[in-house]
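Some notes on the structure that comes next.
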Amino acid sequence: MSQDLRSVTLFDSRTQKKRLLEPQTPGEIAMYVCGVTVYDLTHIGHARVFIVFDVLYRFLRHLGYDVNYVRNHTDVDDKILKRASEKGVDPLELAAHFIEELDRDMETLGIDPPTAEPKVSEHIDDIIAMNQVLLEKGHAYEAGGDVYYRVESFEGYGKLSHRKLEDMEAGRSGRVEETEKKEHPFDFALWKKSEDDQLGWDSPWGRGRPGWHIECSVMSTKYLGDTLDIHGGGRDLIFPHHENEIAQSEAASGAEPFADFWMHVGMVNVAEKSDDGEKIVRKMSKSLGNFWTTRDVLNGYHPEAIRYFMHTTLYRNPITYALDNLEEATRRVQYLYTALSRIDRTLDRAGYDAFDNPPEGTRLADGFDELVEGFMERFDAALADDLNTPKALALIGEIARAINEATESKSSPSDALALTLYRLRRHLVGAGKVLGMLERDPTQALRELRDLRLKAMELDADVIDEKVAAREKAREEKDWERADALRDELDEMGVEIMDSPEGTSWRLL
RNA sequence: GGCGGCGUAGCCAAGUGGUAAGGCACGGGCCUGCAAAGCCCUGAUUCACCGGUUCGAAUCCGGUCGCCGCCUCCA
């Protein structure tokens, strides 16, 4: 396929510039994203990466690209071995368990499954094969059952992270593992010897297991070829993980570049109090122990609210996880779904189910032409500019405002207004789909949002409904004093009352 | 010490050479029995600070200050 697809500009971390995405095969995209080392539940830093690339995946397909999206699970790793031995379980079973948990969280978040999700444990032979190639080409050496990559053999080492081996030496200060086995302190393990009681596979160098970086080089090229159009992951993977992947892949295949675009997602920060009471904002990470699991956050907030929150900041910038921000995002999602439900209500009033085939000669209502006609183009342009989701959200907000404006009147809508509402809904839902939002039935979504709040506030919907009903009765009797007293009671509980011609509804704040 | 990023209204956050999107909060109005929701109006002569380039800079260059990330496992 090579018809006119909208051109997409992305920021490439290697060249540190925005550039036009020009896939090797027109119309097709080969994309690889580093997944998670599965020894625990995912945290929302992982969730951010998954959401960002989910949007890219959705957007590229929305434009008509055929996307081959591979995201791995690292299920063989020393952290997994450590955790498994602590718990006295089999490492591969531990990993399998956390892959299931990850799948559960990502499904809840509405992450579309990638084309393939390969695991290290299923590619040991391929890893051994790439090691052999690297050994043959002199880019690797064996040392006492281990195999190391010889960083000085690769001229471009450092080209992604923009640093030189010499510069790193200056700051190393004993932090890089030095063994007498290594020729150079920055040489890294492609294969590690396993003790008898450790997980391992037979290899030409004895029983062992893969090093950390090799699995991504192997799996990406196996599924997508020697040159990827896009390779992504969290910012913190730039060095050493992605730098090492380049060294391995380019040295093994001889093809350059390994990836045309390197995309890196900014860190999720968290605000904390330091020891002396100062407010500090710093990176969320396992090693700092200041992380929120995706599961925790999902227990308190709607998946679409989490997605909305992630979309409020450009993917490359850091984002600060804060309850206020999640709550604001929740209210925005509520606002958007409320707008959708207003359309249904208004169209129902006029007896319209849909407006696929508007009556002959029907035009848009006055004042809505510009917004309705150019919308998807503007929306696509926002995302085509390096995934500018904040701008995309602003545009979505315009549609919702227009819907609310168009549904202000309590009377039956004209044909023109019905058509306008129909088109606005299509835009809102269509744009939402690209961001992985607004795909639920509005009534259902609003109920889900409400139920989450009920749970968080430990309230019972029946109790609220009773009070609301009692207030409605009082209102019918024009007993304003009693009605207002009941509303005050509800208000105390955090329940907000909304009267409308269709009756009284409520929501939680 | 090396490399990279950021500093835009009370808060969150786009914009990166052509004269400051959007959201939240605040204030005013419409609607309402009163509210809420929704809608309308309202806020930065200014983009950390100091110089420079330019007809023109938040946007480019140099410097200063502050914050953050990577250089060790990390998404």
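Just so it is clear: chains get the letters A, B, ... in the order the sequence lines come, proteins before strands, and each one is counted from 1. Side-chain atoms are counted along with the backbone in the values below, which use heavy atoms only and exclude waters and symmetry mates.
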Identify whether NZ of Lys or CZ of Arg in A/R332 sits under 6.0 Å from the centre of the six-membered ring of A/Y335 and within 45° of that ring's axis.
yes
Could you spell out the base pairing of RNA chain B in dot-bracket, with Watson-Crick or G-U pairs whose two distances are under 3.5 Å, [ ] crossing and | to another strand?
((((((((.[[[..)..(...]]]..((((.......))))......[[[[[..)....]]]]])))))))....
Which nucleotide in the list B/rC40, B/rA75, B/rC34 gets nearest to the side chain of A/R401?
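From the listed options, B/rC40 comes nearest.
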Quickly, which of A/Y149, A/F239, A/Y148 forms a ring-ring contact (aromatic ring centres under 6.0 Å, His included) with A/F188? Name it, please.
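Going through A/Y149, A/F239, A/Y148 one by one, the ring-ring contact (aromatic ring centres under 6.0 Å, His included) with A/F188 is satisfied by A/Y149 alone.
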Whole-Å [atom1] distance, [N] and [M]:
| N | M | atom1 | result |
| --- | --- | --- | --- |
| B/rU45 | B/rU19 | C1' | 11 Å |
| B/rU16 | B/rG56 | C1' | 15 Å |
| B/rU54 | B/rU42 | C1' | 36 Å |

Would you kindly check whether a donor in the side chain of [X] faces an acceptor in the base of [N], or vice versa, at under 3.5 angstrom?
| X | N | answer |
| --- | --- | --- |
| A/R48 | B/rA75 | no |
| A/R475 | B/rG33 | yes |
| A/N325 | B/rC11 | no |
| A/D484 | B/rG33 | yes |

Side-chain N or O of [X] closer than 4.0 Å to phosphate OP1/OP2 of [N]:
| X | N | result |
| --- | --- | --- |
| A/R332 | B/rC24 | yes |
| A/Y335 | B/rC39 | yes |
| A/K18 | B/rU16 | no |
| A/N317 | B/rA14 | yes |

So is the aromatic ring of A/F50 stacked onto the base of B/rA75, judging by whether the centres are under 5.5 Å apart and the planes are under 30° apart?
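Here the ring of A/F50 and the base of B/rA75 are not stacked, as the 5.5 Å and 30° limits are not both satisfied.
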Is the A/H264 ring parallel, tilted or perpendicular to the A/W262 ring (thresholds 30°, 60°)?
parallel
Identify whether any heavy atom of A/H43 sits under 4.0 Å from a base atom; if not, whether one sits that close to sugar-phosphate; answer base, sugar-phosphate or nothing.
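Base contact.
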For a quick check of understanding: with a heavy-atom distance under 4.0 Å over all strands, which category does A/D491 fall into, base, sugar-phosphate or nothing?
nothing
